[in-house]
Amino acid sequence: MTLRRLLAAGALWVCVMTPASAGPDAVRGEQIYVRCQACHALSYDRVGPRHCGLFGRTAGTVPGFTYSPAMKSSRIVWNDKTLESFLTSPLKMVPGTAMTYDGVPEAKDRADLIAYLKGADKTPECIALKGKR
Ligand code: HEC
């Protein structure tokens, strides 16, 4: 084997081996979002409010959705930190919330899910919703 081929093989090996240890994985997050879809959708309200536009939004402010008084008065702004805390234990962060869901126990699952939610505004579903407003 020539040196060049050896280097090429080495580079390939690095490419194949690194993704697992890289940061949050939005693609994996999309699979975890299936759990949320029992109650949520990106672009329309269900049992829970829609998630398009979630990042930077103040909690309890989707027009037309009926929130619990607890969520409405929480004054949370949704970002990486607040979502990390809320998704760890919704009832602990917002006592009295109507989101009767135990939370996502695994830290890696939460990080991937948050990465997905952060990118959700770039999905065709959310872009279409923006166009309608
Ligand atoms: C059992 C139904 C249910 C499930 C499952 C559920 N939610 Fe919710 N979610 C709700 C409801 C209901 C609310 C409104 C809570 C309130 O008004 O107190 C809510 C509110 C929220 C909010 C606040 C939104 C806002 O506009 O302020 C976020 C963020 C959220 N959910 C994320 C998630 C994520 C992420 C998952 C998946 C891990 C999830 N939820 C799973 C029912 C659910």
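Count residues from 1 along the sequence. Numbering of ligands and ligand atoms starts at 1, following listing order.
Thr82 places a side-chain N or O within donor-acceptor distance of the main-chain N or O of Val77, the cut-off being under 3.5 Å. Listed for the Arg110 side chain is a donor-acceptor partner under 3.5 Å among the backbone atoms of Pro105. Between the Asp112 side chain and the Pro24 main chain, no donor and acceptor come within less than 3.5 Å of each other.
Atoms of ligand 1 lying under 4.0 Å from at least one heavy atom of Ala98, given by number and element, are 12 (C), 15 (C), 16 (C), 18 (O). Ligand-side atoms of ligand 1 in range of Ala59: 27 (O), range being under 4.0 angstrom from any heavy atom. The Val104 neighbourhood of ligand 1 comprises atoms 38 (C), with distances under 4.0 Å to a heavy atom of that residue. Counting atoms of ligand 1 from 1 in the listed order, those under 4.0 Å from a heavy atom of Leu83 are 29 (C).
Taking a 4.0 Å cut-off on heavy atoms, Thr61 fails to register as neighbouring ligand 1. Remark: distances from the non-hydrogen atoms of Arg57 to ligand 1 include one below 4.0 Å. Under the 4.0 angstrom criterion for non-hydrogen atoms, Ala70 is not in contact with ligand 1.
For atom 15 (C) of ligand 1, the closest non-hydrogen atom of the protein is Thr97 OG1, 3.4 Å. In terms of protein heavy-atom proximity, atom 17 (O) of ligand 1 is nearest to Ser68 N, 2.8 Å. In this structure, atom 32 (C) of ligand 1 lies nearest to the protein heavy atom His51 NE2, 3.3 Å. Summary of contacts: the protein heavy atom closest to atom 26 (O) of ligand 1 is Tyr67 OH, 2.6 Å. Closest protein heavy atom to atom 12 (C) of ligand 1: Val47 O, 3.3 Å.
Annotation: disulfide bond (SG atoms under 2.5 Å apart) contacts involving residues 86-123, sequence neighbours excluded, are absent.
For the atom pair Lys130 NZ and Glu125 CD, the distance stands at 13.5 Å (nearest 0.5 Å). For the atom pair NZ of Lys108 and CD1 of Ile32, the computed distance is 8.0 Å after rounding to the nearest 0.5 Å. Atoms CG and CG, on Leu83 and Leu54 in that order, are 5.5 Å from each other to the nearest 0.5 Å. From Asp109, atom CG reaches atom CD of Gln31 across 10.5 Å, with rounding to the nearest 0.5 Å.
At a heavy-atom distance under 4.0 Å, only side-chain atoms of Leu113, from C-beta outward, approach ligand 1. Only the side chain of Leu87 comes within 4.0 Å of ligand 1, counting heavy atoms alone; its backbone N, CA, C and O stay farther away. Looking at Val94 against ligand 1, nothing comes within 4.0 Å, counting heavy atoms.
Between His40 and Tyr33, the ring centre distance reaches or exceeds 6.0 Å.
Protein N/O/S atoms nearer than 2.8 Å to atom 8 (Fe) of ligand 1 total 2.
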Practice task
Could you walk me through whether Arg35 and Leu113 pass the side-chain contact (heavy atoms from CB on, under 4.5 Å) test, one step at a time?
Solution key: CA-CA 10 Å; Arg35 300 181 203 172; Leu113 180 59; over 6 Å; no
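Every residue two or more places apart in sequence or in another chain that forms a disulfide bond (SG atoms under 2.5 Å apart) with Cys126 is listed here: Cys52. Tyr101 is linked by a ring-ring contact (aromatic ring centres under 6.0 Å, His included) to nothing, counting only residues two or more places apart in sequence or in another chain.
You'll find the side chain of Met93 reaches within 4.5 Å of the side chain of Ser85, heavy atoms only. Within the 4.5 Å cutoff, no side-chain heavy atoms of Phe55 are placed close to those of Asp121.
Among Phe86, Trp78, Phe65, the residue whose heavy atom lies nearest to atom 27 (O) of ligand 1 is Trp78.
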